[in-house]
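Just so we're clear, the structure is a prediction, and the values are computed from it rather than from any experiment. Below, chains carry the letters A, B, ... as their sequence lines are ordered, and counting in each starts from 1.
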Amino acid sequence: MDYKQIESKWQRIWAETGLYKFDKEKVDKKFYCLEMFSYPSGAKLHAGHWYNYGPADTFARFKRMQGFEVFHPMGFDAFGLPAENYAIKTGIHPEESTLKNIETMEGQLRRIGATYDWDYELKTCTPEYYKWTQWMFLQLFKHGLAYQKDAPVNWCPSCNTVLANEQAQGGVCERCGSQVTHKNLNQWFFKITQYADELLDGIDKLDWPEKTKAMQKNWIGRSYGGEIEFAVKGTDVKLRVFTTRADTVFGVTYVVLAPESPLVDILTTAEQKAAVEDYKERSAAATEIERMSSTREKTGVPTGAYAINPVNGREVPVLVADYVIASYGTGAVMGVAAHDERDFVFAQKLGLPVERVIKSKDGSDDTLPYTEYGVLVNSGEFDGMTSEDAKLAILKKLEKEGKGCLKTNYRLRDWLVSRQRYWGAPIPIIHCEHCGAVPVPEEDLPVRLPHNVNFTPDGESPLKKCDEFMNTVCPVCGRPAKRDADTLDTFVCSSWYYLRYPDSKNADKPFDTEWIDKVLPVDKYIGGAEHACMHLLYARFFTKALRDMGYLHFDEPFLSLVHQGTILGPDGNKMSKSRGNVVSPDDSIVKFGADVFRVYLMFGFNYVEGGPWNESGLESVNRFFERVERIVKKCFAMSFEDAPIGKSEKELNRVRHNTIKSVTNDLATFSFNTAIARLMEYVNAIYAYEAGVEKKHAIYKECAKDLVLLFAPFAPHFCEELWEVLGEKYSVFNQPYPTYDEKATILDEIELAVQINSKLRGRIMVANGAPKEDVEKAAVAEVAAQLDGKPVKKIIIVPKRLVNIIV
RNA sequence: GCCGGUGUGGCGGAAUGGCAGACGCAUGGGACUUAAAAUCCCAAGUCAGCAAUGGCGUGUGGGUUCGAGUCCCACCACCGGCACCA
């Protein structure tokens, strides 16, 4: 078969007949199959794209043939830093390069031969789309889920510019190599933490990879504990700490504040002023790398103040140390030297006494620090209580006295969405000297991204330098005002695109609620695992927030999720230009065609694991295609006499039904490689029949027809062509996927392994379903010589597998 | 350090606690051919043996079980995520 010719032929016919158009009338049978949309940073689809889209399309076709009305859209996540960087380097405007890349990629995506319904295509960088991204921002703002506050950005003092995290990796500027510092800017945040509990508790109900669920849970990082209030000696300052180990409070040896805590300046005594100031400066100057290293030696200085332990009145020093994070909990912690590894080391360094307040439950372990739960000692009225009970009892008592409370904290932080970048959706806010931050009225959306902007890095947000963009009037008071100069994080665009797809042309609303309630949630979402804690979490947050605003009526956007693995270079390393191990799919596709290429991807790897590229597999898949084509054509050129159904026919039919069963199950679980292996076995069985039977029965033809149907989702152009060659009616994809008859899969006679003491010693053939006694008798007879007259103690029969004789 | 995952022939990879290595690649042999290619068929974990056959085999060491790649305990290596979260 001339792959090139049949691919363009069928792609044309599929398009002309609108074969993959989503039929809205059949939405009750919908199946929303979605792959993470493409990011057009490079001009071309690489092996990773194919590995995502090819198998996913096979799955979509399978669902279609199973009778679902598959909604399968595609689009582009088109804003973002790479296009802007490319523009800085080459002078080509991001809009120009992005649209050009999209065009190229669209062409390539069409040539995959996928079932996308392009009517629903969207590009996040168009005003028709980002108008609604801005609308989303306004809704979040209206509902108190967007707020602004000062937050640090990565700053390169030499380039005089803001850097994205990925440009500041290792604390060094990507461009010039200088040390990255921090600078505070007023920026917008989304209050994702307000949904922390629901985001966490909802995870268990999702059909997602366990690994991804675990990552998201850890990322949210809920910890139950409490706050305890320490009075500061000689002042009326109350200092609150967060702890998960309130049971150790009688053993507090010191209290630590984060250097950024506002209490530091209040509490520091005159004698300690110089030392504390010095310490604050040093930790502020510490680079990202130093701060992030957990092997870094713990440092800290005393403030000179003393805190009073609310449970026993003991006075302990108040220190400043930068291992305490200002933004978590209260920015202050209590140190319990006897029961915490780090506190133990730190207290010894400072020469503080260590007192044990927890004993192991069985009294076996008396080494310090003792960090396990145990039984309280030296803890007054709580002595003898277990840690588990005491944690609550102590907090409850403190709560009664107004000196503490139960408290839950999260590792999850609010989502910083401001980017000091050009190529993104402008933030629809106007800053007015009199009215403050004023939302742009919805009827004024979109706030258009101006085209002619100088985005070379020189220390300003690019939009700030564009007067025609910046200068506006306040919608409230009408006086001159400035627009927000920042753009939105591209993750905002991708947090709701799956909601836009079903209604992508709606000019009045982001989507019609009644309609998307029917199409969503997404039934199968397929994409990379690297999005576990960002995109997938943000999208869930958006869904829940929009639900609470009444714009939709489901809780989770993606019911079922699959991550494809990573295709590595032939050397087993991640493909990268610098390693020189990047494999382009183009050559292979030119040589073998899109179908062979995608089947190779499905056959050669475990889909969720991926693995190193291996050229030789393509040849073998190509050979399989030719093998299929030969036998199918041969079979259909044949005429059949009325041959009786014999053993061979029965066997062929059995393999057929077994294949249908296995392939169907394997496809449902994305086990493409074993599904194809079963199809190969099926083809082998057909060849065996072809070679072994003189007078062929018409069942042979049915089997060949089923082969084409079964293989169609894997090799769409190839099977559509075969289907036509066979004289069948267009299209093979309007045919139902073959179903199997359980009875036909059952063998009349089965082979059982016979073991003596679990070692293989022989084999027997028995009738399927033969009574236990017969099986035992046959087995014992088979290995009688080896039993050597030893008495049989026990016989274990595993149905359809083996007989184990214990002597 | 914490969380998660992976470890199986020469290679990619299969195996609801039940014959390890399906399917394929590479390899060897045969058929067809004047010949080669293509095709079709067969063999093949490894060690010893002419062979029948036997021993050993799923990262390592233990354990549970009639039976363990699979379950449990300890450890090693690699990969991914988090990284002072109190």
Side-chain donor/acceptor contact of Asn218(A) with base of rC82(B) under 3.5 Å: no

Shortest side-chain distance from Leu760(A), nucleotide among rC19(B), rC66(B), rC41(B): rC19(B)

Distance in angstrom units between Ile806(A) CD1 and rG18(B) P, rounded: 16 Å

Phosphate OP1/OP2 of rA38(B) contacted by Arg623(A) side-chain N/O (<4.0 Å): no

Rounded distance in Å - CD (Glu530(A)) to P (rG5(B)): 19 Å

Euclidean distance, atom NZ of residue Lys794(A) to atom P of rU65(B) [Å, nearest integer]: 11 Å

Any Asn673(A) side-chain N or O less than 4.0 Å from OP1/OP2 of rA14(B): yes

Reported CD1-to-CD1 distance for the pair Ile192(A) and Ile220(A), which is rounded to 0.5 angstrom: 7.5 Å

Among rC19(B), rG18(B), rA83(B), the nucleotide that comes nearest once only the side chain of Arg411(A) is considered: rA83(B)

Sugar-phosphate only, base, or nothing, as touched by Gly329(A) at under 4.0 Å among non-hydrogen atoms: nothing

Sugar-phosphate, base or nothing in reach of Glu210(A), heavy atoms under 4.0 Å: nothing

Sidechain N-carboxylate O distance under 4.0 Å for Arg314(A), Glu355(A): yes

Syn-anti status, with the boundary at 90° from 0, for the nucleotide rG9(B): syn

Any Asn684(A) side-chain N or O less than 4.0 Å from OP1/OP2 of rC40(B): no

Euclidean distance for P, rU27(B) against rA77(B) (whole angstrom): 37 Å

Glu341(A) atom CD, over 12 foreign heavy atoms within 6.0 Å: no

Residue Asn606(A), side-chain atoms from C-beta onward, closest of rC84(B), rG13(B), rA86(B): rG13(B)

Gap between atoms CZ and P, on Phe605(A) and rG13(B) respectively (whole Å): 7 Å

Passing candidate, salt bridge (Lys or Arg N to Asp or Glu O under 4.0 Å) with Glu229(A), options Arg240(A), Lys407(A), Lys403(A): Arg240(A)

Selected nucleotide, minimal atom distance to Ala677(A) side chain, candidates rG24(B), rA22(B), rC84(B): rA22(B)

Separation of the C1' atoms in rG55(B) and rG18(B), to the nearest angstrom: 22 Å

Options rC19(B), rA14(B), rC23(B), nucleotide nearest the side-chain atoms of Phe603(A): rC23(B)

Spacing of Lys634(A) atom NZ relative to rC40(B) atom P, expressed in whole Å: 10 Å

Secondary-structure stems for RNA chain B, with pairs counted as Watson-Crick or G-U when both distances are under 3.5 Å and runs at least 3 long: B:1-7 with B:76-82, B:10-12 with B:23-25, B:27-31 with B:39-43, B:45-48 with B:53-56, B:59-63 with B:71-75

Thr244(A) side-chain N/O to rC85(B) phosphate OP1/OP2 under 4.0 Å: no

Sugar-phosphate only, base, or nothing, as touched by Ser223(A) at under 4.0 Å among non-hydrogen atoms: sugar-phosphate

Heavy atoms from other residues, nucleotides or ligands near NZ of Lys349(A) exceed 12 (cutoff 6.0 Å): yes

Listed nucleotide nearest any side-chain atom of Gln755(A), set rG18(B), rG13(B), rA86(B): rG18(B)

Donor-acceptor pair between Lys391(A) and Tyr224(A) side chains, under 3.5 angstrom: no

Toward the 5' end of RNA chain B, by each residue's nearest nucleotide, Ile676(A) or Glu609(A): Glu609(A)

Parallel, tilted or perpendicular, as decided by the 30° and 60° cut-offs, for the rings of His339(A) and Tyr370(A): perpendicular

Sugar-phosphate, base or nothing in reach of Gly610(A), heavy atoms under 4.0 Å: sugar-phosphate

Whichever of Ala214(A) and Ser671(A) has its nearest RNA chain B nucleotide further upstream toward 5': Ala214(A)

Gap in Å between the two P atoms, one belonging to rC3(B) and one to rG9(B), rounded: 29 Å

Distance-only donor-acceptor test, Arg763(A) side-chain atoms vs rC19(B) base atoms, 3.5 Å: yes

P atoms of rU16(B) and rC23(B), separation to the nearest Å: 16 Å

Distance below 4.0 Å between Tyr328(A) side-chain N/O and rA86(B) OP1 or OP2: yes

Interatomic distance at C1', rC71(B) relative to rU58(B), whole Å: 16 Å

Minimum-distance nucleotide to Lys759(A) side chain [options: rC56(B), rG18(B), rC85(B)]: rC56(B)

Closest nucleotide among rG18(B), rG4(B), rC66(B) to the Lys211(A) side chain: rG4(B)

Under 3.5 Å donor-acceptor pair, Arg678(A) side-chain atoms to rA22(B) base atoms: yes

Glu690(A) and Tyr700(A) side chains, donor-acceptor separation under 3.5 Å: yes

Nearest-Å distance once atom P is located in both rC11(B) and rC2(B): 33 Å

Spacing between Leu618(A) atom CG and rC25(B) atom P, to the nearest angstrom: 13 Å

Pair Tyr600(A), Asn622(A): side-chain N/O donor-acceptor within cut-off below 3.5 Å: no

Pairwise P distance, rC79(B) and rC84(B) [rounded to whole Å]: 22 Å

Rounded distance in Å - CE (Met215(A)) to C1' (rG80(B)): 7 Å

Separation of the C1' atoms in rU70(B) and rA20(B), to the nearest angstrom: 11 Å

Whole-Å distance separating the CZ atom of Arg630(A) from the P atom of rU39(B): 6 Å

Nearest-neighbour nucleotide for the Arg801(A) side chain, rU16(B), rC82(B), rC23(B) considered: rU16(B)

Which residues share a salt bridge (Lys or Arg N to Asp or Glu O under 4.0 Å) with Lys238(A), sequence neighbours left out: none

Residue pair Arg678(A) / Asn658(A), side-chain donor-acceptor N/O under 3.5 Å: no

Contact under 4.0 Å: Tyr687(A) side-chain N or O vs rC40(B) OP1/OP2: yes

Glu681(A) side chain, from C-beta outward: closest of rA86(B), rC23(B), rC41(B): rC23(B)

Arg627(A) side chain near rC40(B) phosphate (N/O to OP1/OP2, under 4.0 Å): yes

